[in-house]
Number of protein chains: 2
Amino acid sequence: MNTLAKNTLVKCGECPIRHRAVCARCESDELERLESIKYYRNFEAGQTIVWSNDKMDFVGSVVAGVAALTQTMEDGRTQMVGLLLPSDFVGRPGREGSAYDVTATTDLVMCCFRKKPFEKMMAETPHIAHRLLEMTLDELDAAREWMLVLGRKTAREKIASLLAIIARRDPRPGLSPGVEASFELPLTREAMADYLGLTLETVSRQMSALKRDGVIILEGKRHVSVPDISRLMDEAGDDSDGGYLV
Amino acid sequence: MNTLAKNTLVKCGECPIRHRAVCARCESDELERLESIKYYRNFEAGQTIVWSNDKMDFVGSVVAGVAALTQTMEDGRTQMVGLLLPSDFVGRPGREGSAYDVTATTDLVMCCFRKKPFEKMMAETPHIAHRLLEMTLDELDAAREWMLVLGRKTAREKIASLLAIIARRDPRPGLSPGVEASFELPLTREAMADYLGLTLETVSRQMSALKRDGVIILEGKRHVSVPDISRLMDEAGDDSDGGYLV
DNA sequence: CGGCTCCTTGACTTGACTCAAATACGGTGG
DNA sequence: CCACCGTATTTGAGTCAAGTCAAGGAGCCG
């Protein structure tokens with residue numbers, strides 16, 4: 001985040017998410033056109049980006065940081081329905097409001113496009129529409145995978161699944177010997193609970209249990225090291241990648 | 001189903017899902033091209049249409065009947081991750097295999113397109129790609145709504161949510177006075193359980209409870225009548241449409 | 001040194017699961 | 001038309017995983 005100071009103008013060509021975001025397939029002339037309708041916005045951890053049902057006058061990409069999509073019932077029960085990491089897309093072209101609350105769970109930088117011009121451009125440049133279709137299909141797959149987690153896994157498996165996903169998307173190699181992955185949790189215990197359909201007490205207990213059983217190593221509350229990734233995958237219940245067949 | 005006999009050739013112009021399926025926006029010349037690469041297939045209730053990870057050489061639309069997408073863990077736990085009703089799309093352009101098992105839960109008619117020609121056509125006709133994007137975004141919204149059901153609702157609310165969804169998508173008006181909706185369940189108790197992340201016993205108990213409390217009227221195991229839809233919505237926990245505002 | 005917020009842990013409760021049986025229904029063959 | 005079988009469903013009794021309620025602890029900042 002610190003590398004992208006507030007209101008810094010970044011050339012699309014130098015953008016860190018250039019090859020993964022909705023603009024991934026654009027040619028340089030298309031990028032120029034995008035540059036003319038884009039602007040950056042910064043959000044602090046905890047800040048709401050859009051409220052559910054509010055009118056959105058932009059769409060955009062997460063450049064740095066993590067955001068969450070959540071749904072809330074009248075009595076306050078809430079469920080996170082999406083976790084947006086850098087390069088993920090926010091907003092739905094062709095619809096006025098947001099269907100969910102969008103909240104920054106860490107400090108965040110968004111690359112925003114004014115909505116009308118973006119929609120016009122999408123209609124005219126298949127590269128953008130195709131990439132957005134591809135990304136939406138990927139998100140649909142991720143949502144469905146998550147339905148299995150929510151519907152059928154135990155609390156312990158749910159926690160392990162979440163940790164495995166974060167470890168996979170943040171593939172910093174282990175620092176010390178005997179540590180295969182190591183990362184900072186971008187979520188509070190409560191946010192984890194909202195993602196997993198659990199209470200925060202249950203999250204805390206299962207984190208402690210995984211630590212006690214040596215599946216993870218906790219340094220402070222948020223830093224997680226994983227000595228053996230395939231062990232973690234086993235705990236998650238999807239041992240399809242248990243190590244065989246490379 | 002009976003109106004579409006096996007192997008009957010149907011002109012796209014006369015197709016019952018013409019205006020809702022992936023072909024909805026096509027012009028008549030595009031429809032002709034689609035007609036040249038399409039064929040119909042019939043499936044019986046319970047039959048598997050594609051196995052997870054199997055190669056799919058077609059994509060297509062459900063014309064009549066209901067199909068389910070399911071994921072299964074090694075130990076047999078299964079979760080339904082999608083319910084495909086007429087006009088819904090099956091398969092993912094640009095990917096070899098299916099990510100899920102696709103099963104017919106009632107007798108079913110599919111309009112299939114050979115995959116390669118369909119992909120080629122998609123690249124050339126924005127009408128199809130745009131419609132598919134729109135449908136995929138709708139499915140993503142539906143999947144996320146379902147995540148709230150799976151993660152945060154009680155068994156009783158889950159059942160009520162499922163019944164409300166089916167009642168909404170099958171808007172046959174009530175036959176008798178004092179009945180606002182009435183429909184045939186396209187799922188067994190076990191399939192309902194797999195959709196809702198419950199056991200079939202719990203589904204059965206909650207169906208009995210809703211019947212006892214007068215929320216629904218059961219005739220036989222599968223036919224459901226709803227005397228008061230807003231009551232059912234209340235039971236589902238999303239009383240946003242409680243009846244006010246229109 | 002309070003006063004936060006976030007997290008952990010303990011004790012008890014409960015909603016949904018498991019195991020087990022009984023019942024309904026549709027179809028088949030006599 | 002009826003006896004019989006297999007599948008789908010209902011119902012009961014007991015258990016357990018996760019929830020609720022209630023204290024504490026840890027780190028951080030003014």
Side-chain angles (χ1 to χ4, degrees), chain A residues 44-47 68 73 75-79 103 105-106 149-163 184-213 216-224 235 237, chain B residues 44-47 73 75-79 103 105-107 149-163 184-213 216-224 235 237:
Chain A
E44 286 174 21
Q47 217 181 332
M73 295 170 67
D75 62 6
R77 281 176 281 176
T78 81
Q79 175 66 50
T103 321
T105 69
T106 67
V149 173
L150 288 173
R152 292 301 185 194
K153 291 196 178 178
T154 64
R156 185 180 174 104
E157 288 169 334
K158 286 179 175 183
I159 299 285
S161 299
L162 177 58
L163 296 177
E184 208 68 25
L185 271 176
L187 302 172
T188 65
R189 296 289 185 267
E190 187 178 19
M192 292 173 69
D194 284 343
Y195 202 160
L196 297 167
L198 296 171
T199 59
L200 66 92
E201 293 95 328
T202 299
V203 170
S204 183
R205 276 187 248 276
Q206 296 300 335
M207 289 288 287
S208 301
L210 288 173
K211 174 184 173 187
R212 175 170 13 88
D213 298 345
I216 59 175
I217 299 162
L218 281 174
E219 291 149 45
K221 320 275 183 195
R222 297 289 196 92
H223 192 91
V224 179
E235 293 284 356
Chain B
E44 286 172 22
Q47 216 181 333
M73 295 170 67
D75 62 6
R77 282 177 279 176
T78 81
Q79 175 67 49
T103 321
T105 69
T106 66
D107 289 347
V149 173
L150 288 172
R152 290 304 185 193
K153 291 195 178 178
T154 64
R156 185 181 174 101
E157 289 169 334
K158 285 179 175 181
I159 298 286
S161 299
L162 177 57
L163 295 177
E184 209 68 25
L185 273 175
L187 302 173
T188 64
R189 295 290 185 268
E190 186 178 19
M192 291 173 69
D194 284 343
Y195 202 160
L196 297 166
L198 297 171
T199 58
L200 66 93
E201 293 95 328
T202 298
V203 170
S204 183
R205 275 186 247 277
Q206 296 299 336
M207 289 288 287
S208 300
L210 288 174
K211 174 184 171 186
R212 175 170 14 86
D213 298 345
I216 59 174
I217 299 162
L218 282 174
E219 291 148 47
K221 318 277 183 196
R222 296 291 194 92
H223 192 91
V224 179
E235 293 284 355

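Labels below follow one simple rule: chain letters A, B, ... track the order of the sequence lines, proteins then strands, and each chain is numbered from 1.
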*Quickly work out the A:Glu219 CD to C:dC7 P distance and round it to whole Å.*
16 Å

*B:Leu163 side chain reached by B:Leu185 side chain, heavy atoms, under 4.5 Å*: yes

*Using a cut-off of 4.0 Å on non-hydrogen atoms, how would the nucleic acid contact of B:Ser208 be classed: base, sugar-phosphate, or nothing?*
sugar-phosphate

_How many whole angstroms separate atom NZ of B:Lys211 from atom P of D:dT11?_
7 Å

*Taking only heavy atoms on the protein side, list every residue of residues 192-200 of chain A lying under 4.0 Å from any atom of DNA chain D, sorted numerically.*
A:Gly197, A:Leu198, A:Thr199

*asked:* Considering every strand and a 4.0 Å limit on heavy-atom distances, what is the contact class for A:Ser204: base, sugar-phosphate, or nothing?
replied: base

*Main-chain N/O of B:Tyr195 paired to B:Gln79 side chain as donor or acceptor, under 3.5 Å*: yes

*With respect to the phosphate group of D:dT11, does any side-chain polar atom (N or O) of B:Arg205 fall under 4.0 Å of OP1 or OP2?*
no

_With B:Lys211 via side-chain contact (heavy atoms from CB on, under 4.5 Å) - residues at least two apart_ = B:Ile216, B:Leu218

*Electrostatic pair A:Arg77-B:Glu157, nearest N-O below 4.0 angstrom*: yes

*On DNA chain C, check which nucleotide each of A:Leu218 and B:Lys153 is closest to and give me the residue with the more 5' one.*
A:Leu218

*Round to a whole Å and report the spacing from CZ of A:Arg152 to P of C:dC17.*
8 Å

*Search all heavy atoms of B:Leu210 against all heavy atoms of B:Ala160 and return the closest pair with its distance.*
CD1-N, 4.4 Å

*For B:Glu190 and C:dC17, give me the distance from atom CD to atom P, rounded to whole Å.*
13 Å

*Tell me: CD of A:Gln206 to C1' of D:dC16, nearest whole Å?*
14 Å

*Whole Å only: how far is the NE2 atom of A:His223 from the C1' atom of D:dG27?*
18 Å

*Quick one: do B:Arg156 and B:Asp213 make a salt bridge, cutoff under 4.0 Å?*
yes

*Ignoring backbone atoms, test whether A:Thr202 places a side-chain nitrogen or oxygen under 4.0 Å from the OP1 or OP2 oxygen of D:dA18.*
no

*Answer whether the closest heavy-atom distance between the side chains of B:Thr188 and B:Lys221 falls below 4.5 Å.*
no

*A:Glu201 CD to D:dC21 C1': how many Å, rounded?*
9 Å

_NZ/NE/NH1/NH2 to OD/OE distance under 4.0 Å, A:Glu235 and A:Lys158_ = no

*Separation of A:Arg189 atom CZ from C:dT8 atom P, in whole Å?*
4 Å

*More than 12 heavy atoms of other residues, nucleotides or ligands under 6.0 Å from CD of B:Glu190: is that the case?*
no

*For DNA chain C, which residues in residues 156-163 of chain A have a heavy atom at a distance below 4.0 Å?*
none

